[in-house]
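Protein chains get the first letters and strands the later ones, always in sequence-line order, with residue 1 at the start of each.
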Amino acid sequence: MATGRYWLIKSEPSVYAYARLEADGRTEWTGVRNFEARNNLRAMTPGDLCLYYHSNEDKAVVGVARVLSKPGPDPTAPGEDWASVDMGPLVAFTVPVTLATIKATPALKDFPLLTRSRLSVTPTPVEHFELVLKMGQTKLPKAPASKPKPKAKPGARP
DNA sequence: GCCAACGTTGGC
DNA sequence: GCCAACGTTGGC
């Protein structure tokens, strides 16, 4: 299916904050040194959306990033079997969704951020993605990349 | 700054 | 192939 998958990626804000991704416009997501996280990176396809979590200092999901390239080798580990992808900013959350809030939300008790707390790249079920987005009082920008226009609902607005 | 969780390494 | 030791992540 053309519809992309959903992920959660982590970064310490002092190392690479979401605001910096917005300033840069695009960055190569490198430095993942965990096999499972690497395999998750390799499963990404362009257009996939990632919740962007600030670990340590903020402990909150602060925005949505978008995968801009196919996965490739991680240039920061030449000759080794790691992976990277290009990421770009999509939208910053109106309100950060804190870890405390997530933990206090029963519908998110199986959110991989909680159940796989030490993994820096985790797949995220679409319902978790949408709920966190809603909790961040944020909507995705309309018609991002290569998706067909949404169909008008029959008998909708005048 | 401490500590729990857990992935990774290396000895046997 | 098991398991203890070690290192790292990340919350508190």
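- Here A:D81 pairs with A:R38 in a salt bridge; the nearest charged N to carboxylate O distance falls below 4.0 Å.
- No hydrogens or angles considered: a donor-acceptor pair under 3.5 Å links the side chains of A:E28 and A:S84.
- A sub-4.0 Å separation between OP1 or OP2 of C:dG10 and a side-chain N or O of A:K59 is absent.
- Distance, A:L114 CG to C:dG10 C1': 13 Å, rounded to whole Å.
- Using modelled atom types, one finds no donor on one side chain facing an acceptor on the other under 3.5 Å when comparing A:W29 with A:D86.
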Base-contact (B) and sugar-phosphate-only (S) positions in nucleotides 1-8 of chain B, heavy-atom cut-off under 4.0 Å, - elsewhere: ----BBSS
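- For C:dT9, the OP1/OP2 oxygens have no side-chain nitrogen or oxygen of A:Y53 closer than 4.0 Å.
- Under the salt bridge (charged side-chain N to carboxylate O under 4.0 Å, His left out) criterion, A:R118 pairs with no residue at all, not counting sequence neighbours.
- Between the C1' atom of C:dG11 and the CG atom of A:L119 lies a distance of 16 Å, rounded to the nearest Å.
- Aromatic ring centroids of A:W82 and A:F35 lie under 6.0 Å apart.
- At whole-Å resolution of the value, CD in A:E12 and P in C:dG10 are 7 Å apart.
- In this structure, A:L8 places its CG atom 17 Å from P of C:dT9, rounding to the nearest Å.
- Taking A:D24 as the reference, nothing meets the salt bridge (charged side-chain N to carboxylate O under 4.0 Å, His left out) condition, with sequence neighbours excluded.
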